[in-house]
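First up is the structure itself, then whatever we jot down about it.
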There are 2 protein chains.
Amino acid sequence: MRAERTSAERGSAKALTPKGEATRRRIVDGAARVIRSRGVAHTSLDDVREATATSKSQLFHYFPEGKDQLLLAVAAHEADRVLDDQRPALDALDDWPTWIVWRDIVIERYRQQGRTCPLSVLVTQLGREVPEVQSIIVHLFERWQGAIERGILSMQAAGSMPASVDAASAARALLAGIQGGVVIMLATGSVEHLESAIDHSLDALRVAP
Amino acid sequence: MRAERTSAERGSAKALTPKGEATRRRIVDGAARVIRSRGVAHTSLDDVREATATSKSQLFHYFPEGKDQLLLAVAAHEADRVLDDQRPALDALDDWPTWIVWRDIVIERYRQQGRTCPLSVLVTQLGREVPEVQSIIVHLFERWQGAIERGILSMQAAGSMPASVDAASAARALLAGIQGGVVIMLATGSVEHLESAIDHSLDALRVAP
DNA sequence: CATCGAATGGACTATCCGGTCCATTTAATG
DNA sequence: CATTAAATGGACCGGATAGTCCATTCGATG
């Protein structure tokens, strides 16, 4: 249970052969799949074992610190997915059409995801006694907000967004709106709030005619 | 595990004597306290038993459907707390000073709450196989958003907020911003996003001078 | 082909914990 | 004071599951 060693994440793993790496990947992918469909709380290591055609010893061979370490790897995997799903628009918010495309991608992505948020579920499961989980989320938010902020600055430079607004603060507000929209969607099943949140933020970024 | 009966919540309980009600309340309060400090995932019925000076049979006497039913009661309890903590300002958003007071209350409340959100943790734990948990959250959001919307309408009627904005949509965006601000705070420990979200929403509601 | 470490298989253990059961005490009511 | 139902105490059970251990196979390298 306890995660004593603070590293053991990406780099320092011990001599993985290509075959080993493939197996490790298969485990993480499979675990992510199972968790997405069933929820962490109802996913046992045996479920993962079965879904990935591996044995118990393999699970502990690749994740010697146990289940928490595996869940951490899954969380990192899911966090990457979140941003990947928004690309390439997220990295090219340089004109209004791209902003609208991005808006639609985000809304559609979460509409499809529906009532489950693998990431939130993993995070609350691992809880604060596993500090690495927070770094994953913080890092995700930083990258996400950074991309938005870069977009705003780029638009301001082009005169397409008002120079009067503080890009960093606006990016924070927009990111918060998205997160909240998703949270509310998890309960209500509707993206209505997500849409309102993004649209209100974007409205505030339109230049006065 | 299964919660077959859809009621068994507030009303229909079977003949509780004053003493019984007191015990039941003690259990819910105590469970909420333990969960807040330790997280659901690491709270067993024995922990609750110990913290509330009760016996196993009492737990099942008051919550015959088991742990899920108890967690549900705790969730309802925590949801009520959320709104209560914002009163009376939340119900009197009729002038700008009250809006600012409310804003400060919300931010301060969550600043103090810090990195734990008992409600989110309960909800993700119970998951979708317990439908009642969603009603609790949806109901919370409805009441919360309703109060905000009433405030906006009241301000518009007084000419203190622009009549051009759609009160319902603005309330949705503001609520989403708050939720997202809290979510981000859970990861980063900072209320910066919460502040940005609320302030940007309020800025959009100021009448042009 | 021999060797050695990585990769794999799967039985087994230890333990935690939700839930059951029955015995006992408390308290309200006639 | 007798009766009855609610309230309480706590031992016990059964299942689930994280983690261990050792034996076996695979594959690269000399």
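Labels below follow one simple rule: chain letters A, B, ... track the order of the sequence lines, proteins then strands, and each chain is numbered from 1.
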Tell me: [atom1] of [X] to [atom2] of [N], nearest whole Å?
X     : N      : atom1 : atom2 : result
B:L45 : D:dA11 : CG    : P     : 17 Å
A:I27 : C:dA7  : CD1   : P     : 11 Å
A:L71 : D:dT17 : CG    : P     : 14 Å
B:R49 : C:dG18 : CZ    : P     : 11 Å
B:K67 : D:dG15 : NZ    : C1'   : 15 Å
A:L16 : D:dG27 : CG    : P     : 16 Å
A:L59 : D:dT20 : CG    : C1'   : 14 Å
B:E21 : D:dA7  : CD    : C1'   : 14 Å

Between [X] and [Y], do the side chains contain an N or O donor and an N or O acceptor separated by less than 3.5 Å?
X      : Y      : result
A:S196 : A:D199 : no
B:Q145 : A:H193 : yes
A:T188 : A:S190 : no

Heavy-atom protein contacts under 4.0 Å, nucleotides 20-30 of chain C, coded B base, S sugar-phosphate only, - none: BB----SS---
Closest listed nucleotide, where the reference is the side chain of A:S55 and the choices are D:dA7, D:dG9, C:dT8: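 From the listed options, C:dT8 comes nearest.
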Intermediate values then yes/no, side-chain contact (heavy atoms from CB on, under 4.5 Å), A:F63 and A:I27: CA-CA 10 Å; A:F63 303 94; A:I27 292 174; 3.8 Å; yes
Aromatic plane relationship, A:W99 with A:W102 - under 30° parallel, 30 to 60° tilted, over 60° perpendicular: perpendicular
Whether B:W144 and B:F141 hold their rings parallel, tilted or perpendicular, with breakpoints at 30° and 60°: tilted
N or O in side chain of A:Q58 less than 4.0 angstrom from C:dA7 OP1/OP2: no
Side-chain N or O of B:Y62 closer than 4.0 Å to phosphate OP1/OP2 of D:dT8: yes
Sugar-phosphate only, base, or nothing, as touched by B:F63 at under 4.0 Å among non-hydrogen atoms: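 Touches nothing.
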Side chain proximity check, A:C117 to A:M185, heavy atoms < 4.5 angstrom: no
Residue mapping more 5' on DNA chain C - nearest nucleotide basis, B:T43 or A:A53: A:A53
